[in-house]
Amino acid sequence: MGDKDVAHHVSVDVDEVIEGVVDHLLHVSYDERTVLRLTSTGDDEESITVVGKALFGVKPGESLRLCGSWAQHPRYGRQFRVERCERTVPADERAIRLYLASGMIRGIGPVLAAAIVDAFGERTLKVIDAEPERLLKVHNIGDIRLGRITAAWREQKAIAEIMMFLQQLGITSGLAVKIYTTYADTDDDPIDVVRRTPYRLCRDVHGVGFVNADKIALAGGVPKHSDERLQAALLHELDQAGGQGHCHLPVRVLLARTRQLLSDDDPATVEILDDVVLRHALQTLCGQGEVVTDTLPTPVLDGTDAVADTEIALLARWHRDETQLAFHVRRLLGSAPVLAELSQWDERLTALTTAETAGLTDEQHPAVHTALTRPLSVLTGGPGCGKTHTLRTLVEVADDAGAVVALAAPTGKAAKRLEETCGQAAMTVHRLIRPPEGDSLFDHAGVLESADLVVIDETSMLDLALARRLFAAVRAGCHLLLVGDTDQLPSVGLGRVLRDLLDVDAIPRTRLTKVFRQHEDSAAIVVNAHRILHGHLPEGDPRAFWNRPVPVAEDIAQRVVDLVCESMPKHLAVQPEDIQVLCPGKKNIAGMTDLNLRLQQRLNPPADHKPQHFHDGCAFRLGDRVQQIRNNLHRGEAGIFNGSSGTITAVDPEAHQLTVTFQDGEAATYPFTDLDELVHAYALTVHRSQGSEYPYVIIPMINAAGTMLLQRNLLYTAITRARHGVMLIGQIEAVERAVANNRTQRRNTALSYRITHTEAVVLTPRPQAPSGQMAWS
């Protein structure tokens, strides 16, 4: 059922209230419009189709009271259009039986639900709550099952209490489960945290955010001028800045954003948002060790020639990561490289005999020589410029000399590609280094202890925290080569590490610029990537690069679905799994959320043999393609990391969990409460595709994506993810805007400043050198 079908009604303007139990969800669109089947609990047990945004986040088994009106859909018939939705407690026998049979209470299925209700009637829920031992009289309930039922009942009761409280404030009920599970195994009572210390939810519960926590707090009587509220608002604005990649904010900007966040129509609010009051709250956070304030010269912030210092604020963990990374960069630069003493590197390079590695260009030779003689160096270059050939040669030369080489990349796909390039094992950066506090799941310390040369590919993906851990783990004297493309999007996380390192003159670097002749089938991808870099529109090619103008935004999404499911598999003899849709953003028609829903419906529709679970309005179904979106060191055997992709291979409604088998073969179990770690991966944002490569890529371009997303480096990154072919589809104006927009948002970072202005090691500036040549400091 598409969005147009959902929205098109012939309405009968009669306000009405109905009650019932959610049977199953039929559809959730990108704008949160939900369609579900409800079994009414009136005189007749009728199955009703219910439609509305107010239903977003409801789950099968929940009892609802709905206010709205009936409408006649020309295709789907009579439907109830919802304006307001309230959760209720099941009242009569029919509602109780439907509630228990839904699977909400683990250990009770449809047959057992009927037996329990037959035994206790309308007192069933009171019996489960107050006298659960009486359930032992029901056939097939023993001590073990009774324990499961009572534990699940306590959990649902606590969640329901939080849910009822939140719905009065217009806050989605899906957060109730997250709040409960966050505090369930602690000494804190979840509902007590909600009522007494609501601003804790901002820090502790993913997805709550300041706005929701503030609604809860103000409704509970927390004064607008409370220190706790002002501190939470300041922390929220710093978190928001971190989400945009900034490592700090100027204090004046932080105060202004906080003032805007808290401003309302109350005249008294002006007084509590005075600079003096907000600065006092900021200093309190500094005293608690949560925030650090510092000063930086203005040129670090905006590139001008001004010399005045600017006061900045940043979270304490960001300050730790940035200062420690700067320290370890200097430590490595000042160390004596273990391979530098090995003689005759030039002779070894000249004597290469392997066909694939022989013949370095004038640009590539300095890169290999630098990596073998300097403790820290950088290799950059765009697609088709010979980075692969350079790395293969470097590894062969080092191996022939008896050096121990370790290869890694930020994602599993990038590591696999590096392994294929160099002909030896590679791993993710996370697996190369130990996580904090010496997690016993990882035992790769021996690799770094013995390595003479460490090569990290796709370095543009390294965020501040991961880079800090990597540099800290590399021992003094070991050679570290960072390889990446600075024209790609910066890391999803904080900072712009690769660019900041290249701003330090003392760090040796080589930039490859010569574009080599490519394989005919993929030459158009490389050519168009470089055209975009130089501000030119891409040109179509019948073999590997296709442009499909679609002027109407509403038509783009359907065309993309048809391409993935029918046209490209038919004409290219490939499977839909070989095609990855990459979107500039998440929202709007043809955004990631919308296309995932549409593609899931076509490629993996619901069926009786496919168990599924709805989480935040999305169906996680057996066979779905998914991607991990947060690092979790304790998921699976050795941790699952941001960007890992896989397939749902099991869904267990009774155990309330599902299993994902990832592309490296590892399987990981997810409780239903942890599904906010996953997103569907039929369509991904370009940011989420970094480090990956796909046989074919489809890029929908739509004006509604806006200037913040229609950028040259984003389109360039998307195109360079394809191995065999690119389909660029959508509004021509959006492509033109993206190619013309080279004004990428500058991230507030101070890494290069901290490296060059720390007195622990004296750095010698690197003389200027032509592109592709190495100047020695």
Side-chain angles (χ1 to χ4, degrees), residues 19-24 38-45 58-65 85-168 173-196 613 652-657 671-673:
E19 295 189 11
V21 177
V22 179
D23 182 15
H24 59 278
L38 183 88
T39 301
S40 67
T41 52
D43 294 335
D44 297 319
E45 194 171 298
V58 304
K59 297 180 293 184
E62 289 187 317
S63 293
L64 305 178
R65 179 183 294 116
C85 170
E86 297 178 6
R87 272 76 176 177
T88 63
V89 177
D92 58 23
E93 289 188 19
R94 183 183 292 110
I96 293 170
R97 175 172 52 78
L98 291 171
Y99 170 70
L100 294 179
S102 69
M104 290 283 282
I105 306 299
R106 276 173 285 187
I108 301 180
V111 175
L112 192 56
I116 294 173
V117 175
D118 286 344
F120 303 108
E122 293 184 359
R123 287 185 49 80
T124 296
L125 298 184
K126 293 181 180 179
V127 169
I128 296 175
D129 186 40
E131 305 174 277
E133 65 280 356
R134 294 180 60 187
L135 294 176
L136 293 171
K137 297 178 181 179
V138 178
H139 182 62
N140 282 334
I141 296 183
D143 290 335
I144 294 177
R145 177 167 282 182
L146 177 63
R148 292 175 183 168
I149 292 172
T150 53
W153 172 257
R154 286 194 299 271
E155 176 181 318
Q156 286 301 320
K157 184 179 178 183
I159 291 172
E161 186 178 1
I162 300 171
M163 196 178 293
M164 296 291 186
F165 180 78
L166 295 182
Q167 79 175 12
Q168 300 170 27
S173 63
L175 292 178
V177 178
K178 296 180 182 179
I179 292 170
Y180 174 82
T181 54
T182 298
Y183 301 109
D185 296 327
T186 70
D187 294 332
D188 296 307
D189 178 17
I191 191 64
D192 195 52
V193 173
V194 171
R195 294 182 184 278
R196 296 181 182 276
H613 177 75
D652 188 340
E654 185 171 338
H656 284 214
Q657 64 185 28
F672 287 164
T673 52

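Side chain of Arg65 to main chain of Thr88: no donor-acceptor pair is present (N/O by atom type, distance under 3.5 Å, no hydrogens or angles).
The shortest distance between side-chain heavy atoms of Ile179 and Val193 does not fall below 4.5 Å. Within the 4.5 Å cutoff, no side-chain heavy atoms of Asp188 are placed close to those of Asp192.
Within the model, atoms CZ of Arg148 and CD1 of Ile108 stand 12.0 Å from one another, a figure rounded to the nearest 0.5 Å. From Arg196, atom CZ reaches atom CD1 of Ile191 across 11.0 Å, with rounding to the nearest 0.5 Å. With rounding to the nearest 0.5 Å, the separation of OG in Ser63 from CG in Leu38 is 9.0 Å. Annotation: the span from Asn140 atom CG to Leu112 atom CG amounts to 7.0 Å, rounded to 0.5 Å. The distance from the NE2 atom of His613 to the CD atom of Gln657 is 12.0 Å, given to the nearest 0.5 Å. Expressed to the nearest 0.5 Å, how far OG1 of Thr39 lies from CD of Glu19 amounts to 14.0 Å.
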List, one per line, each side-chain donor-acceptor pair under 3.5 Å for residues 120-133, sequence neighbours excluded.
{"from": "Thr124", "atom 1": "OG1", "to": "Gly121", "atom 2": "O", "distance (Å)": "2.6"}
{"from": "Asp129", "atom 1": "OD1", "to": "Trp153", "atom 2": "NE1", "distance (Å)": "3.1"}
{"from": "Asp129", "atom 1": "OD1", "to": "Lys157", "atom 2": "NZ", "distance (Å)": "3.0"}
{"from": "Asp129", "atom 1": "OD2", "to": "Lys157", "atom 2": "NZ", "distance (Å)": "3.2"}
{"from": "Glu131", "atom 1": "OE1", "to": "Arg134", "atom 2": "NH1", "distance (Å)": "3.3"}

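Nearest heavy atoms, Ala115 versus Val138: CB-CG1, 3.9 Å. Shortest non-hydrogen contact noted between Ile162 and Pro190 is CD1-CB, 3.8 Å.
Under the side chain to side chain contact (heavy atoms under 4.5 Å, CB included) rule, Arg97 has a single partner from Val117, Ile116, Val21, which is Val117.
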